[in-house]
Amino acid sequence: MAGPAKARQRPGLQGPYPSVSFSILKSLHASTYSIHVAAIIRMLSPRLVRSHHWFPTMAARGACAVLVLIFLLFVLISHTSNKSISSDSVVETRERMSNGLDEEGQGDAPVETNKNAGISDDTVSSLLERIKVLEDELSSMRTRMDDAENREGNNGIPDEMAVPLPTTKSFPSVRYRNEETRKRVLITGGAGFVGSHLVDKLMLDGHEIIALDNYFTGRKKNIEHWIGHPNFEMVHHDVVNPYFVEVDQIYHLASPASPPHYMYNPVKTIKTNTLGTINMLGLAKRVKATVLLASTSEVYGDPEVHPQPETYWGHVNTIGPRACYDEGKRVAESLMVAYNKQENVKIRIARIFNTFGPRMHMNDGRVVSNFIIQALQDKPITIYGNGTQTRSFQYVTDLVDGLIALMNSNYSLPVNIGNPEEHTIGEFATIIRDLVPGSTSEIVNQESQQDDPQQRRPDIRRAAEQIQWRPQVLMKDGLLKTIEYFRAEIDRNKRGGKPPPEPVRHGGLESRR
Ligand SMILES: O=c1ccn([C@@H]2O[C@H](COP(=O)(O)OP(=O)(O)O[C@H]3OC[C@@H](O)[C@H](O)[C@H]3O)[C@@H](O)[C@H]2O)c(=O)[nH]1
């Protein structure tokens, strides 16, 4: 009788396994199998898992693995309690059986051995192979899960250094443009009344915007809804100092525009319109950008030609209280034309007439903001002088459309951008009071302003012919929108405990003489 077959050594392991330690090995296999099962559940039904949060933490996964382990241990123990089974023992058993030996190597292996084992060799082999396959799958899944957890968790940053990612801010949806049609645009005065509406229009149209402002009259809240957007950059900078950036277009709007604001610091107003304009022309020359100057109907001064065509040279007092702005803008126009002729800089010049709309300063001091705030607060509506002087008022979105049409044209001579609908200031006071429901404001006359232009109305034939632009918004419709804006601003101030806004007189700000 052949001696006991020498137990085949399992490569890398010493001697046959006693049944007890083998069961421990099997239970370890069972536990990895149970984690396989847990991993498979998690990987194959992530939506189910996540939506029911069945596996929100490793603890939950561990608990599930233990349950699966207990089940498998039961299965394995019930099958292997009379006979320890390993790949070696399967081979050994197979050899003994073929040699007629039982597991102790004594005599013919009793037939009941098969019965005692309870499961066939083939079943054991296929189980072992299955477990091997699952082990391989598990290790690759575990690798992927670890990677996924790192990615999901802290983007690979160690826990102690991980910071909560900022909640994403929602932005108005902007048009997609590819590199060919997307322009890089610099807007000086970009946080101002007109500038911020221009930012809105160009951002929504899918361009890249740099808004540059010193916040003398501009306000961050006018553009805060774009801060953080990848196409938008806000730069706190005074245009009287040079600024370098690669852009395709420059809208040069930076300047105080209402009489109280530009009379507050006349020297600064002149510097902004001269040095600021020189800096923007120098930048335009350097980067071959097109530069548009926001000029003004004030270049016509107190006009002796009515309505005013662009060919009218104007009537301006070079040393009056308005000269800092009127002459500032006139020399800015001269600088534009000089750079165009001498340096071939591409220029555009918009002569902007009285403009109104949301985001005007509460203490802007101009007639539209003053009259609306007075009517909303039932305060006297203050007419400077006898109220026979005239103005023509355009809504801000019409102006923005005109500026963009001019920039994208090839026209480099000055163009009037304004609404030819003309009213006396006296009529205007009554129109606004009547548009504010329930206003009890009375209309009062105060002293007139020095060098106050007595008439103003744009001749806009050139705009219609050269850039196909005409105003679209009726003055009354624009006034209703602006009234609602100021009503909300007054309420916001009240909620914030701020005193009601006091309309400012021309020259009313303590000017820095
Ligand atoms: O409370 C007020 C304010 C103004 N006015 C009068 O209303 C008329 C318009 O005055 P505004 O201050 O609104 O504006 P102005 O017409 O003087 O200049 C303005 O319009 C042209 C723009 O380019 C300039 O940026 C801006 O200065 C003036 O005759 C002024 O005396 C009042 O009667 N009461």
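First listed ligand is number 1; within each ligand, the first listed atom is number 1. From a predicted model like this one, the values you see are computed outputs, not experimental measurements.
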Of the listed options Tyr384, Tyr300, Phe356, closest to atom 5 (N) of ligand 1 (non-hydrogen atoms): Tyr384
Flag [X] as yes when one of its N or O atoms lies below 3.5 Å from any N or O atom of ligand 1, and as no otherwise.
X	answer
Pro453	no
Tyr325	yes
Val367	yes
Ser258	no
Thr382	yes

ring-ring contact (aromatic ring centres under 6.0 Å, His included) assessment of Phe428 paired with Phe393: CA-CA 10 Å; Phe428 199 58; Phe393 295 97; 4.3 Å; yes
Does [atom1] in [X] sit with more than 12 non-hydrogen atoms of other residues, nucleotides or ligands closer than 6.0 Å?
X	atom1	value
His315	NE2	no
Lys201	NZ	no
Arg177	CZ	yes
Glu447	CD	no

Pair Thr355, Gln394: side-chain N/O donor-acceptor within cut-off below 3.5 Å: yes
Between Glu327 and Thr318, a side-chain donor and acceptor under 3.5 Å: no
Which part of [X] is near ligand 1, with near meaning a heavy atom under 4.0 Å away: side chain, backbone, both or neither?
X	answer
Arg366	both
Val368	neither
Gln446	neither
Phe353	neither

Atoms in ligand 1 with a heavy atom of Thr296 nearer than 4.0 Å: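 Selected atoms, number and element: 22 (C), 23 (O).
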Atoms of ligand 1 close to Arg322 [distance to a heavy atom under 4.0 angstrom, numbered from 1]: 15 (P), 17 (O), 18 (O)
Sub-4.0 Å heavy-atom contact, Tyr262 with ligand 1: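 Distance cut 4.0 Å: Tyr262 passes for ligand 1.
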Salt bridge present between Arg487 and Glu484 (N-O < 4.0 angstrom): yes
